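Values reported hereafter were calculated over all heavy atoms of this structure, with side chains retained and with hydrogens, waters and symmetry mates removed. Fair warning: this is a prediction, and the values are worked out from it, not measured in the lab.
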Amino acid sequence: MAMKTTFLVQTFVIKRKRLVPGDRQASQSGSGAMKRAEAMAGRMPGTAALQIVADDETGELESATILGQYGDVPDDFAESLQAA
């Protein structure tokens, strides 16, 4: 069982007056994801930098950590990551 760590930037957009997840972009490192999320927050309602650890073979999620949040992020975003 080999664990793989992935760094992502999750954007948030407003649809029907609600803040919802938009696009995700992969990043090379945690610091890179945080810098990209912070830069994108100027053009988006909100962004979050994430670290995802999952089993490389089965895809089973081991953990999801929010490295940084910028702008508007839904209040229940952290809980939704843990439920995934």
Mind listing the closest non-hydrogen atom pair of [X] and [Y] along with its distance?
X	Y	answer
G30	L67	CA-CD1, 3.8 Å
G32	S27	C-OG, 3.3 Å
G59	A54	O-CB, 4.2 Å
T47	V73	O-CG2, 3.6 Å

Look up atom [atom1] in [X] and atom [atom2] in [Y], then write down how far apart they are to the nearest 0.5 Å.
X	Y	atom1	atom2	result
M3	E57	CE	CD	10.0 Å
L8	I52	CG	CD1	5.5 Å
D23	Q10	CG	CD	8.0 Å
D56	E62	CG	CD	13.0 Å

Expected output: side-chain T58 to main-chain E60 donor-acceptor under 3.5 Å: yes
Polar side-chain atom of Q51 near backbone of T6 as donor-acceptor pair, under 3.5 Å: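 Between the backbone of T6 and the side chain of Q51 there is no qualifying donor-acceptor contact (under 3.5 Å).
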Does [X] belong to the same Ile/Leu/Val/Met/Phe/Trp/Tyr cluster as [Y], with side-chain heavy atoms less than 4.5 Å apart forming each link?
X	Y	answer
I66	V9	no
M40	I14	no
L81	M34	no

CA sep, side-chain torsions, deciding dist, call: V20, V13, side chain to side chain contact (heavy atoms under 4.5 Å, CB included): CA-CA 6 Å; V20 297; V13 296; 3.9 Å; yes
Residues that Y70 engages under ring pair (Phe, Tyr, Trp, His ring centres under 6.0 Å), provided they are two or more places apart: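 For Y70 there are no ring pair (Phe, Tyr, Trp, His ring centres under 6.0 Å) partners, ignoring immediate neighbours.
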Stepwise side chain to side chain contact (heavy atoms under 4.5 Å, CB included) check, T11 with R24: CA-CA 6 Å; T11 63; R24 287 186 187 150; over 6 Å; no
Exceeds 12 heavy-atom contacts within 6.0 angstrom, atom CG of D75: no
Sequence neighbours excluded, every pair satisfying ring pair (Phe, Tyr, Trp, His ring centres under 6.0 Å) that has a member inside residues 6-33: F12-F77
